[in-house]
Student: 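Following this message is one structure expressed as structure tokens.
Residue numbering restarts at 1 for every chain, and letters A, B, ... go by the order of the sequence lines.
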Number of protein chains: 2
Amino acid sequence: MKNQDAVTALAALAQEHRLAVFRMLVRAGPEGMSAGAISDKLSLPASSMSFHLSHLNRSGLITQRREGRSLIYAADFDRMNALLAYLVEDCCQGKPEVCAPMAEAVSRAACCTPATAKRKKERA
Amino acid sequence: MKNQDAVTALAALAQEHRLAVFRMLVRAGPEGMSAGAISDKLSLPASSMSFHLSHLNRSGLITQRREGRSLIYAADFDRMNALLAYLVEDCCQGKPEVCAPMAEAVSRAACCTPATAKRKKERA
DNA sequence: CTGACGTTTCCATAATACTGGAAACATCAA
DNA sequence: TTGATGTTTCCAGTATTATGGAAACGTCAG
């Protein structure tokens, strides 16, 4: 990922409504949601939401596909992973006590990373 | 982390020079760098850099401390971890094939997460 | 106290972004 | 073809942000 790509992606996320949309789509997973459903859920006029969705789409963080009359938006997980990786790249000059919590924080927050999945399996 | 805190942090990163500063400080680790050293390294006038450093500082992503005449800035790793966690929170409704690459991407990029450290140890 | 150094604050200019109603566009059912 | 539905584009007003030189501020050595 290039510096400019990261700036574009971060700018796309640096807005109240767009951040809310993106997080909702992260939770929704690959199936995504229609523009209308997103507008309804976040109570924003269609034209404003369209502006934000197009912004996120141009940044590469979400994808767009048509299903009948609806346009379905979904988070682009590869792109998000590339952004996260770019932010922490080569961190802290080899001090594990600084780096380690990063991966842990991500694992803990995401619902089903290997560690989380393993724990769920053991409980079952 | 609240939505507004995340927006503020992302906005702080969503600018060419500030992103470059932050990534440089992530690599520098807890010791940080002086304002002057940062300006020199990135070839930006002191007043412009000061504007950006203060922006990052207000967002909570970097800390400031004085050492003699110099002001030293350092990445706030806890804050960054909280931001990453907020972005991926409860992702993808339980599909490990979507979530797993996230933690992996972060682990691979950071220099010394447990996995990376283990690999380095095994090689030695 | 004085001078030098590192840094921030002030300021005006130029550029960019957010908002939401109305109109246009795309798709589909009948 | 017509009408209904879902979505985007257009537009103009308002607000926010980046820039860098000059001046002011805090710290220190002699």
Side-chain angles (χ1 to χ4, degrees), chain A residues 3-25 28 31-76, chain B residues 3-25 28 31-76:
Chain A
N3 197 66
Q4 189 49 55
D5 296 330
V7 168
T8 303
L10 289 163
L13 293 174
Q15 206 279 340
E16 183 188 350
H17 301 306
R18 286 197 297 269
L19 180 56
V21 167
F22 181 72
R23 296 214 321 142
M24 206 165 75
L25 291 179
E31 286 178 27
M33 298 174 65
S34 72
I38 298 172
S39 290
D40 286 355
K41 199 82 177 181
L42 298 183
S43 310
L44 218 63
S47 68
S48 296
M49 189 51 86
S50 181
F51 168 79
H52 290 307
L53 287 170
S54 127
H55 200 317
L56 281 164
N57 189 41
R58 256 179 294 124
S59 82
L61 283 169
I62 68 176
T63 59
Q64 183 196 57
R65 69 177 190 273
R66 184 172 281 281
E67 267 179 28
R69 270 169 278 202
S70 296
L71 286 172
I72 309 290
Y73 291 92
D76 185 321
Chain B
N3 196 65
Q4 189 50 53
D5 296 330
V7 169
T8 303
L10 289 163
L13 294 174
Q15 206 279 341
E16 182 188 350
H17 301 306
R18 287 197 297 269
L19 180 57
V21 168
F22 181 73
R23 296 214 321 143
M24 206 165 77
L25 291 179
E31 287 177 27
M33 297 173 66
S34 72
I38 298 173
S39 290
D40 286 355
K41 199 84 178 178
L42 298 182
S43 311
L44 217 63
S47 69
S48 296
M49 188 51 86
S50 180
F51 168 79
H52 290 306
L53 287 170
S54 129
H55 199 318
L56 281 164
N57 189 42
R58 258 180 292 124
S59 82
L61 283 169
I62 68 175
T63 60
Q64 183 196 58
R65 69 178 192 273
R66 184 173 280 280
E67 267 180 27
R69 272 171 276 203
S70 295
L71 286 172
I72 310 290
Y73 291 93
D76 185 322

Student: Taking atom P of C/dC18 as reference, at what distance in whole Å does atom CG of A/L13 sit?
Tutor: 12 Å
Student: So B/S39, base contact, sugar-phosphate only, or nothing? Heavy-atom distance under 4.0 Å.
Tutor: nothing
Student: Could you check how far CG of B/L53 sits from P of C/dT7, rounded to whole Å?
Tutor: 9 Å
Student: Can you find a side chain N or O atom of B/H17 that sits less than 4.0 Å from OP1 or OP2 on D/dT19?
Tutor: yes
Student: Out of D/dG6, D/dT27, D/dT8, which has the shortest distance to the side chain of A/R69?
Tutor: D/dG6
Student: If you apply the rule side-chain contact (heavy atoms from CB on, under 4.5 Å), what do you find for B/R18 with B/L61, and how did you get there?
Tutor: CA-CA 11 Å; B/R18 287 197 297 269; B/L61 283 169; over 6 Å; no
Student: If you pin A/S48 and B/S54 to their nearest nucleotides in DNA chain C, which one's is more 5'?
Tutor: B/S54
Student: Counting neighbours of CD on B/Q64 that are heavy atoms of other residues, nucleotides or ligands and sit closer than 6.0 Å, is the number greater than 12?
Tutor: yes
Student: Can you tell me which nucleotide in D/dA18, D/dT8, D/dG6 comes closest to the side chain of A/S70?
Tutor: D/dG6
Student: Find the distance A/H55:NE2 to C/dT16:P and express it as a whole number of Å.
Tutor: 13 Å
Student: At less than 4.0 Å, is any side-chain N or O atom of A/Q15 found next to OP1 or OP2 of D/dT17? Yes or no.
Tutor: no
Student: Which atoms form the tightest heavy-atom contact between B/M24 and B/L42, and what is the distance?
Tutor: SD-CD2, 4.1 Å
Student: Working to the nearest 0.5 angstrom, can you tell me the gap between B/M33 CE and B/L53 CG?
Tutor: 10.0 Å
Student: Over how many whole Å does the gap from B/R66 atom CZ to C/dT7 atom C1' extend?
Tutor: 8 Å
Student: Between atom CG of B/L25 and atom OH of B/Y73, what is the distance when rounded to the nearest 0.5 Å?
Tutor: 10.5 Å
Student: Round to the nearest Å and state the distance from A/M33 atom CE to D/dG6 atom P.
Tutor: 14 Å
Student: Any side-chain N or O of A/Y73 below 4.0 angstrom from OP1/OP2 of D/dT8?
Tutor: yes
Student: When you measure from the side-chain N and O atoms of A/S50 to the phosphate of D/dT8, is any distance below 4.0 Å, counting only OP1 and OP2?
Tutor: yes
Student: Looking at every non-hydrogen atom in both residues, tell me the closest pair between A/G32 and A/A74 and how far apart they are.
Tutor: CA-CB, 3.8 Å
Student: Using a cut-off of 4.0 Å on non-hydrogen atoms, how would the nucleic acid contact of A/A35 be classed: base, sugar-phosphate, or nothing?
Tutor: sugar-phosphate
Student: What contact category does B/Q64 fall into here, base, sugar-phosphate, or nothing, at under 4.0 angstrom with non-hydrogen atoms?
Tutor: sugar-phosphate
Student: Could you tell me how far apart A/L44 (CG) and C/dG20 (P) are, to the nearest whole angstrom?
Tutor: 6 Å
Student: Across the strands shown, which category fits A/S34 at heavy-atom distances under 4.0 angstrom: base, sugar-phosphate, nothing?
Tutor: sugar-phosphate
Student: Output the rounded distance in Å from CD (A/E67) to C1' (D/dT7).
Tutor: 15 Å
Student: Let me know, please, whether A/S47 or B/F51 comes out on the 5' side of the other along DNA chain C by nearest nucleotide.
Tutor: B/F51
Student: Looking only at side-chain atoms of A/L71, point me to the closest of C/dG20, D/dT7, D/dA18.
Tutor: D/dT7
Student: Over how many whole Å does the gap from A/H52 atom NE2 to C/dC18 atom C1' extend?
Tutor: 6 Å
